[in-house]
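Please read these numbers as outputs of a predicted model, since none were measured by experiment. We use all heavy atoms of the structure for the numbers below, so side chains are in, but hydrogens, waters and symmetry mates are not. Positions are given from 1, in the same order as the sequence printed here.
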Amino acid sequence: MAPTIPEDPAAGDTGAAARPHRAVRSFVARAGRMTTAQERAWRELWPRFGIEDDARPLDFEALFGRDAPRTLEIGFGNGEALVALAAAHPEEDFLGIEVHRPGVGHLMLRAEALGLANLRVASRDAVEILGARVPDASLDAVLLYFPDPWPKKRHHKRRIVQPGFVELVARKLKTGGRFRLATDWQPYAEQMLEVLSASAAFENECGTGYSPRPASRPLTRFESRGQRLGHEVWDLSFTKP
């Protein structure tokens, strides 16, 4: 998955000699092994589906050739859920962010096979893209499904769902926009609920607790396997009022 979370300055640094901020990443970038087909996707399909690195804000109407509801998924893995959503809702536009190159290749191959015209992908740090390239109040929904839970306590600072990230998402959503999350790690679900409930930028669609699994969220192979193993999943759905 793809985001970077700013870290507090190191304790003890003062004055002009202070070290610059370091970024605490919520992901470990692994190159992974690509299949021949995924390598072809990067060569041949990236110009069609990919968003090149650039400093300019994205122009979604130019990118998709129309003005339509827009959903962003952060850390889409192999793209299973995102492709299913784009195929089921051709009247909407979808943008995915993922740093795992084989996963991006897999998504592009599926998008090509299904003839999807409403799907684009970026392959770099999601927080950088949100902060620098996604215009404020331009998204109708942001999806964050099964982010890395970083279960060890010393790694909790790497979890993407932190107050600063939540406020960033809120700025990018339109009024009435939704932020939907899911995790199969209960301690992380509790943190997500706590952080989002404390944000003045969001309201919990379910009052004070977790959401029932939305019918709109595709059931991926990852989640199906977890269900067979008895893993519980916690969904959250918040709205920008």
Side-chain angles (χ1 to χ4, degrees), residues 1-3 26-27 49 51 58 60 64 68-100 103-104 106-107 110-111 116 118-127 129-131 133-134 137-149 159-162 165-174 176-185 188-189 191-193 195-196 199 201-206 210-224 226 233-240:
M1 318 323 193
S26 68
F27 66 95
F49 295 107
I51 296 173
L58 291 169
F60 286 115
F64 290 100
R70 304 180 195 108
T71 293
L72 166 67
E73 183 177 4
I74 295 171
F76 58 73
N78 69 3
E80 239 184 303
L82 189 57
V83 166
L85 284 170
H89 299 281
E91 75 285 359
E92 300 180 18
D93 292 329
F94 295 86
L95 171 63
I97 303 176
E98 175 59 62
V99 296
H100 187 57
V104 175
H106 185 272
L107 175 141
R110 290 294 299 140
L116 299 181
N118 61 337
L119 179 58
R120 300 291 185 275
V121 59
S123 186
R124 61 173 298 178
D125 187 285
V127 170
I129 292 177
L130 274 175
R133 303 209 59 196
V134 175
S138 64
L139 301 174
D140 294 272
V142 173
L143 311 177
L144 181 64
Y145 293 151
F146 304 101
D148 194 325
R159 290 175 173 176
I160 184 172
V161 181
Q162 309 281 356
F165 172 73
V166 168
E167 299 312 306
L168 177 61
V169 170
R171 290 204 309 272
K172 304 306 172 179
L173 284 169
K174 299 176 184 177
R178 286 176 165 172
F179 187 20
R180 286 183 164 163
L181 311 91
T183 180
D184 61 348
W185 192 262
Y188 197 10
Q191 177 182 324
M192 289 176 172
L193 183 60
V195 171
L196 279 155
S199 172
F202 284 106
E203 291 180 352
N204 190 337
E205 292 185 8
C206 297
Y210 300 106
S211 167
R213 184 185 184 281
S216 60
R217 180 164 69 75
L219 185 66
T220 64
R221 283 176 289 179
F222 170 83
E223 188 175 356
S224 297
V233 170
W234 290 265
D235 279 272
L236 300 92
S237 188
F238 281 74
T239 304
K240 178 180 176 179

Next item on the list: Any chance you could measure N204, atom CG, to S199, atom OG, to the nearest 0.5 Å?
Entry: 11.5 Å
Next item on the list: Check I129 against R124 and note the closest heavy-atom contact, atom names and distance.
Entry: CD1-CG, 3.3 Å
Check: Is there a donor-acceptor contact under 3.5 Å from the side chain of D235 to the main chain of P214?
Finding: no
Next item on the list: Give a yes or no on whether the backbone of P149 and the side-chain of R159 come within a donor-acceptor separation of less than 3.5 Å.
Entry: yes
Checklist line | Main-chain N/O of G177 paired with K240 side-chain donor or acceptor, under 3.5 Å | finding: no
Check: Does the side chain of C206 come within less than 4.5 Å of P212's, by heavy atoms?
Finding: yes
Check: Has R120 got more than 12 heavy atoms of other residues, nucleotides or ligands less than 6.0 Å from its CZ?
Finding: yes
Checklist line | Closest non-hydrogen atom pair between Y210 and L236, with its separation | finding: CD2-CG, 3.9 Å
Notebook entry, point to check: Heavy-atom distance under 4.5 Å between the side chains of L196 and L181, does that happen here?
Noted result: yes
Checklist line | Euclidean distance, L144 CG relative to F165 CZ, rounded to 0.5 Å | finding: 5.5 Å
Next item on the list: Look up atom CG in L168 and atom CZ in R171, then write down how far apart they are to the nearest 0.5 Å.
Entry: 5.0 Å
Notebook entry, point to check: Is a salt bridge present between K174 and D140, judged by a nitrogen-to-oxygen distance below 4.0 Å?
Noted result: yes
Note to self: To the nearest 0.5 Å, what is the distance between NZ on K172 and CZ on R133?
What the structure shows: 12.0 Å
Checklist line | Residue pair L219 / R213, side-chain heavy-atom distance below 4.5 Å | finding: yes
Checklist line | Shortest non-hydrogen contact between G96 and L82, atoms and distance | finding: CA-CD2, 3.5 Å
Next item on the list: Return the minimal non-hydrogen interatomic distance between V233 and A182, and the atom names on each side.
Entry: CG1-CB, 4.3 Å
Notebook entry, point to check: Between F60 and L95, is any pair of side-chain heavy atoms under 4.5 Å apart?
Noted result: yes
Notebook entry, point to check: How many angstroms lie between atom OG of S216 and atom CG of L143, to the nearest 0.5 angstrom?
Noted result: 8.0 Å
Check: Without hydrogens or angle criteria, can the side chains of E203 and T239 be said to hold a donor-acceptor pair below 3.5 Å?
Finding: no
Notebook entry, point to check: Are any non-hydrogen side-chain atoms of M192 and T183 less than 4.5 angstrom apart?
Noted result: yes
Next item on the list: State, with a plain yes or no, whether a side-chain heavy atom of L72 is found less than 4.5 Å away from one of L130.
Entry: yes
Checklist line | Donor-acceptor pair, side chain of E98 and main chain of G79, under 3.5 angstrom | finding: no
Next item on the list: Fit a plane to each ring of F202 and F179, take the angle between them on a 0 to 90° scale, and name the class: parallel (under 30°), tilted (30 to 60°) or perpendicular (over 60°).
Entry: tilted
Checklist line | Closest heavy-atom pair and its distance - S123, V104 | finding: OG-CG2, 4.1 Å
Check: Going by heavy atoms in the side chains, are F76 and V121 under 4.5 Å from each other?
Finding: yes
Note to self: What I'd like to find out is whether the side chain of S211 reaches to under 4.5 Å of the side chain of E205, using heavy atoms alone.
What the structure shows: no
Next item on the list: Calculate, to the nearest 0.5 Å, the distance between atoms OH and CZ belonging to Y188 and F146 respectively.
Entry: 12.5 Å
Checklist line | Residues, nucleotides or ligands: over 12 heavy atoms within 6.0 Å of W185 CH2 | finding: no
Next item on the list: Dump the intermediate steps for side-chain contact (heavy atoms from CB on, under 4.5 Å) on F94 and E73, then the final yes or no.
Entry: CA-CA 8 Å; F94 295 86; E73 183 177 4; over 6 Å; no
Next item on the list: Considering non-hydrogen atoms only, spot the tightest contact between R180 and S237 and give its length.
Entry: NE-OG, 3.3 Å
